[in-house]
Amino acid sequence: MQARIVMLVDLDYFFAQCEELRKPSIKGKPVVVCVYSGRTKDSGAVSTANYVARKYGVTSGIPISLAKKKLQDVDAIFLPVDKEFYKEISGNIMEILRGYADHFEQVSVDEAYLDVTHRTKANYQRAKQLAETIKDDILTQQQLTCSIGVGPNKLIAKIAADIQKPDGLTLVKPEQVKRFLAPLPVRRLVGVGKKTEKRLETLGVRTVSQLASFDVQRLIDVFGRKLGTYFHNASLGFDDDPVQEKGEPESVSRISTLKEDTTNLGVILDKAYRLCDDVHSKLLSLELMYRSVSVYVVGSDLSTHSRSKTFENPTSSLESFKTAVKELFEKFLAESDVEARRVGVKLSSLTKKEAKQKQLTSFFGGSS
DNA sequence: GTATGCTTTCGGC
DNA sequence: TTACGGCCGAAAGCATAC
């Protein structure tokens with residue numbers, strides 16, 4: 001593949017920044033955006049907090065009550081998440097970003113990759129100017145800040161964007177890649193999770209530079225050809241994954257907290273079937289069919305569990321969905337004594353609802 | 001023996 | 001003192017296919 005220039009644009013503390021936008025008077029105060037579960041007044045978790053709140057140790061995922069404790073003597077703002085509002089703002093920004101890219105890929109509500117090779121003539125000076133223009137434009141049009149990483153591929157752009165934030169801009173030119181990556185822990189590479197980190201550590205590999213000098217054949221022996229080759233390439237900063245528009249989602253799910261912990265199938269199904277209706281209507285609006293059904297349980301001890309089943313053929317039936325959900329929860333309750341705190345349902349192995357199935361049916365079904 | 005697919009769990013945002 | 005969401009895709013661990 002020819003030399004590319006890829007950017008990752010990451011909107012800073014996105015949900016909290018959206019709230020500052022809606023109500024500028026809260027700027028400068030700690031802003032904590034929360035998902036309230038509705039169980040008790042303050043049950044729930046922190047989704048995002050602005051940097052003022054982060055100074056007090058309030059970060060994503062901590063319990064709301066803990067966040068309140070950390071901010072007890074401070075004039076802090078606690079707000080419930082308003083996803084629709086954030087999506088609307090995200091949509092505006094993604095539209096702006098798309099206009100600056102040869103190829104565009106939105107990866108989440110607040111992140112997108114831009115391949116800008118052509119319009120910068122593969123020149124980093126121009127790429128830096130373009131990134132500054134993008135930051136200005138987002139600030140002018142939406143009054144939001146972002147952090148941008150620029151590099152020869154998605155792997156480098158992503159890691160670069162994390163170097164300076166909020167309101168950061170980090171360029172890593174091809175000739176800088178090696179020194180940029182060398183000191184990083186292997187954990188920073190996409191594809192290296194906790195287990196893989198451990199396995200690499202037993203091989204004496206902790207940093208990317210150690211990975212880079214590790215024998216490829218041994219990596220392949222340990223991790224298999226696909227993964228071994230990938231690790232080797234990543235350690236050298238090679239990544240040919242193209243920037244391209246995401247197709248359809250791979251799964252559609254909903255999860256919700258119960259009023260009280262329970263092992264009662266009826267109570268669980270009452271909640272789960274309503275989640276099924278939501279997920280199914282989402283499925284139809286996307287014109288997709290599913291082949292796999294999963295259920296989740298988060299136990300009273302916050303342990304997570306799931307069960308799933310995969311059908312022979314894709315379908316879009318709500319009845320089959322609910323029947324499968326019932327079977328899966330029955331199965332789960334029969335083989336576990338976990339009390340359910342939260343329950344969820346998921347459809348996956350999604351495919352476009354189209355002529356393909358019909359062709360198969362008419363081919364095999366003949367006269368019908 | 002490796003690749004692929006399915007199931008379950010993990011972790012980032 | 002404890003405290004605890006919702007969603008997604010990645011990771012991990014098997015089972016089975018090639």
Side-chain angles (χ1 to χ4, degrees), chain A residues 10-18 32-49 54 58-70 72 80-83 86-87 90 106-111 158 161-162 165 187-200 220-231 246-258 261 275 278-279 282 291-312 328 331-332 335-336 341-350:
Chain A
D10 183 1
L11 300 167
D12 298 322
Y13 61 100
F14 185 53
F15 293 177
Q17 210 185 345
C18 288
V32 187
V33 178
C34 304
V35 182
Y36 291 95
S37 69
R39 266 199 165 194
T40 62
K41 182 169 162 292
D42 282 339
S43 70
V46 171
S47 183
T48 321
R54 290 183 198 190
V58 174
T59 54
S60 296
I62 70 170
I64 294 167
S65 48
L66 178 57
K68 291 209 163 171
K69 191 190 165 199
K70 287 175 182 285
Q72 58 190 345
V81 285
D82 182 355
K83 277 252 177 82
Y86 313 143
K87 270 189 193 161
S90 169
Q106 181 173 348
V107 285
S108 69
V109 70
D110 66 347
E111 262 182 49
K158 169 81 176 162
D162 271 332
K165 54 170 54 175
R187 196 65 161 68
R188 296 289 288 274
L189 301 174
V190 177
V192 180
K194 204 167 152 187
K195 294 294 176 79
T196 304
E197 182 184 33
K198 267 277 172 291
R199 287 170 76 190
L200 284 168
I220 292 171
D221 292 344
V222 175
F223 295 101
R225 195 171 72 196
K226 196 170 167 178
L227 215 51
T229 308
Y230 167 75
F231 287 153
K246 275 279 194 294
E248 305 300 334
E250 297 191 8
S251 65
V252 184
S253 65
R254 275 218 60 192
I255 184 165
S256 182
T257 302
L258 298 167
D261 299 354
L275 299 178
D278 275 11
V279 167
K282 181 88 179 286
R291 206 158 64 81
S292 299
V293 177
S294 313
V295 303
Y296 302 115
V297 172
V298 176
S300 40
D301 57 356
L302 299 182
S303 59
T304 62
H305 311 268
S306 68
R307 294 291 184 271
S308 65
K309 73 177 284 184
T310 298
F311 297 124
E312 202 56 42
L328 289 166
K331 175 172 144 81
F332 175 78
E335 55 192 42
S336 151
R341 176 187 177 91
R342 298 159 64 194
V343 297
V345 302
K346 173 171 91 166
L347 294 175
S348 56
S349 306
L350 305 179

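Just so it is clear: chains get the letters A, B, ... in the order the sequence lines come, proteins before strands, and each one is counted from 1.
For A/Phe231, the ring-ring contact (aromatic ring centres under 6.0 Å, His included) partners are A/Phe223, not counting sequence neighbours.
For the pair A/Val33 and A/Tyr86, the minimum side-chain heavy-atom distance is below 4.5 Å.
A close approach under 4.0 Å does not occur between any side-chain nitrogen or oxygen of A/Ser306 and OP1 or OP2 of B/dT7. For C/dT2, the OP1/OP2 oxygens have no side-chain nitrogen or oxygen of A/Ser65 closer than 4.0 Å. The shortest distance between the side-chain N/O atoms of A/Ser43 and the OP1/OP2 oxygens of C/dC4 is not below 4.0 Å. Close to C/dA12, at under 4.0 Å from its OP1 or OP2, lies a side-chain N or O of A/Thr196. For the OP1/OP2 pair of C/dG6 and a distance below 4.0 Å, the side-chain nitrogens and oxygens of A/Arg254 include no atom meeting the criterion.
Each of A/Val252 and A/Arg342 has a nearest nucleotide on DNA chain C; the 5'-most of these lies closest to A/Arg342. Residue whose closest nucleotide on DNA chain C sits further toward the 5' end, between A/Leu302 and A/Ser251: A/Leu302.
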Mind listing the N/O atom pairs, protein and nucleotides 11-13 of chain B, below 3.5 Å?
unit_1: B/dC13; atom_1: O3'; unit_2: A/Asp110; atom_2: OD1; d: 3.4
unit_1: B/dC13; atom_1: O3'; unit_2: A/Asp110; atom_2: OD2; d: 3.0

So which protein nitrogen or oxygen atoms get under 3.5 Å of nucleotides 2-6 of chain B's nitrogens or oxygens?
unit_1: B/dA3; atom_1: OP1; unit_2: A/Arg225; atom_2: NE; d: 3.0
unit_1: B/dA3; atom_1: OP1; unit_2: A/Arg225; atom_2: NH2; d: 3.4
unit_1: B/dA3; atom_1: OP2; unit_2: A/Arg225; atom_2: N; d: 3.3
unit_1: B/dC6; atom_1: OP1; unit_2: A/Arg291; atom_2: NH2; d: 3.1

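Residue A/Lys68 is out of contact with every strand shown, counting any heavy-atom pair closer than 4.0 Å. Here A/Arg341 lies in heavy-atom contact (under 4.0 Å) with sugar-phosphate atoms only. Across all strands, A/Ser294 comes closer than 4.0 Å to no nucleic acid atom at all (heavy-atom distances).
In this structure, the CG atom of A/Leu328 is 8 Å from the P atom of B/dT8, given to the nearest Å.
Looking at A/Ser308 and A/Ser292, their side chains never bring a donor and an acceptor atom within 3.5 Å of each other.
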